[in-house]
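Here the structure is a predicted model, which is why all the values come from computation and not from measurement. All heavy atoms count here, side chains included; hydrogens, waters and symmetry mates do not.
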Amino acid sequence: KDATQDMQQLKEELTKLTPLTTDELKTLVPRELMGTAATDIDVNAAMGATVANANYKINDSTDLKLEIVDCAGPGGAGMFGLQYINMLNVNSDDEDEYVKTIDFNGGKAFENCKKNRNRCTLAYFSGNRFLISLRGDNVGIDALKDLAKGLSIK
């Protein structure tokens with residue numbers, strides 16, 4: 001059976017899990033990344049999934065944005081389907097940006113970089129329930145991968 005079937009199976013399992021509360025998810029947000037404290041930590045459950053966002057302003061030109069989606073419950077599993085399964089094997093490249101599916105931390109991840117400005121995003125699945133996205137302005141994709149490897153969100 002292929003990866004997509006595995007993912008559909010995982011989506012079924014996620015549906016049965018109880019989503020974290022906003023307070024529980026907030027505790028998973030790293031207080032600092034790249035030596036910079038998190039600001040604007042926002043956790044909400046607007047789309048039927050609990051989502052946390054945080055910003056890390058490293059200096060005037062360098063900025064990190066972290067998003068953690070709890071894929072538990074029907075809403076979270078739905079987001080997992082839309083934002084993860086539907087993206088598997090998407091590979092595109094044009095003059096503005098590229099997107100590619102890569103192997104990362106034992107699973108699949110998406111790498112996206114804009115070419116006309118130094119903005120890259122790495123999105124991956126962690127702890128068998130969290131969809132994590134790291135977006136960096138003036139932070140290269142390799143630095144994002146190193147950061148992601150050091151995050152233990154599970």
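- Hydrophobic cluster membership differs between Val90 and Ile102, with clusters built from Ile, Leu, Val, Met, Phe, Trp and Tyr side chains linked at under 4.5 angstrom.
- Between Pro19 and Gly73, the shortest heavy-atom contact is CG-CA, 4.1 Å.
- By the side chain to side chain donor-acceptor pair (under 3.5 Å) test, Asp137 is found to be paired with Arg117, Arg119, residues two or more places apart in sequence or in another chain being considered.
- Between Asn128 and Leu14 the shortest heavy-atom distance is O-CD2, 3.5 Å.
- Within the structure, salt bridge (charged side-chain N to carboxylate O under 4.0 Å, His left out) contacts touching residues 70-90 (residues at least two apart or in different chains) are Asp70-Arg129.
- Evaluation of the ring pair (Phe, Tyr, Trp, His ring centres under 6.0 Å) test over residues 125-154, restricted to residues two or more places apart or in two chains, returns Phe80-Phe125, Tyr84-Phe125.
- Considering only residues two or more places apart in sequence or on other chains, Asp146 meets the side-chain contact (heavy atoms from CB on, under 4.5 Å) condition with none of them.
- Asn138 meets the side-chain contact (heavy atoms from CB on, under 4.5 Å) test with Ser61, Thr62, Asn118; sequence neighbours excluded.
- In the hydrophobic cluster analysis, where Ile, Leu, Val, Met, Phe, Trp and Tyr join through side-chain heavy atoms closer than 4.5 angstrom, Leu20 is grouped together with Leu66.
- Take Asp60 and apply the side-chain contact (heavy atoms from CB on, under 4.5 Å) test, not counting sequence neighbours, and it matches no residue.
- Residue pairs satisfying the salt bridge (charged side-chain N to carboxylate O under 4.0 Å, His left out) criterion with at least one member in residues 17-41, sequence neighbours excluded, are absent.
- Between Tyr56 and Thr36, the closest heavy-atom pair is CD2-O, 3.4 Å.
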Sequence neighbours left out, cut at 3.5 Å: what donor-acceptor pairs do the side chains of residues 105-114 make with other protein atoms?
{"unit_1": "Lys108", "atom_1": "NZ", "unit_2": "Asp103", "atom_2": "OD1", "d": "2.7"}
{"unit_1": "Glu111", "atom_1": "OE1", "unit_2": "Lys145", "atom_2": "NZ", "d": "2.9"}
{"unit_1": "Glu111", "atom_1": "OE2", "unit_2": "Tyr98", "atom_2": "OH", "d": "2.7"}
{"unit_1": "Asn112", "atom_1": "ND2", "unit_2": "Glu97", "atom_2": "OE1", "d": "2.7"}
{"unit_1": "Asn112", "atom_1": "ND2", "unit_2": "Tyr98", "atom_2": "O", "d": "3.2"}
{"unit_1": "Lys114", "atom_1": "NZ", "unit_2": "Glu97", "atom_2": "OE1", "d": "2.9"}

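- Judged by distance alone, the side chains of Asn53 and Asn55 never bring a donor and an acceptor atom under 3.5 Å apart.
- Within the structure, ring pair (Phe, Tyr, Trp, His ring centres under 6.0 Å) pairs that include any residue of residues 135-154 do not occur (at least two apart or interchain).
- A 4.5 Å side-chain heavy-atom check between Leu134 and Leu147 finds at least one atom pair inside the cut-off.
- Sorted by first then second residue, the disulfide (SG to SG under 2.5 Å) pairs that include residues 46-75, not counting sequence neighbours, number zero.
- For Asn91, the side-chain contact (heavy atoms from CB on, under 4.5 Å) partners two or more places apart in sequence, or in a different chain, are Lys100, Thr101.
- Every residue meeting the salt bridge (Lys or Arg N to Asp or Glu O under 4.0 Å) condition with Asp93, not counting sequence neighbours, appears here in chain and number order: Lys115.
- Linking Ile, Leu, Val, Met, Phe, Trp and Tyr whenever their side-chain heavy atoms come within less than 4.5 Å puts Phe104 and Ile68 in one cluster.
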Any chance you could lay out the side chain to side chain donor-acceptor pair (under 3.5 Å) test for Gln9 and Glu13, step after step, and finish with the verdict?
CA-CA 6 Å; Gln9 176 70 41; Glu13 289 164 25; 3.2 Å; yes

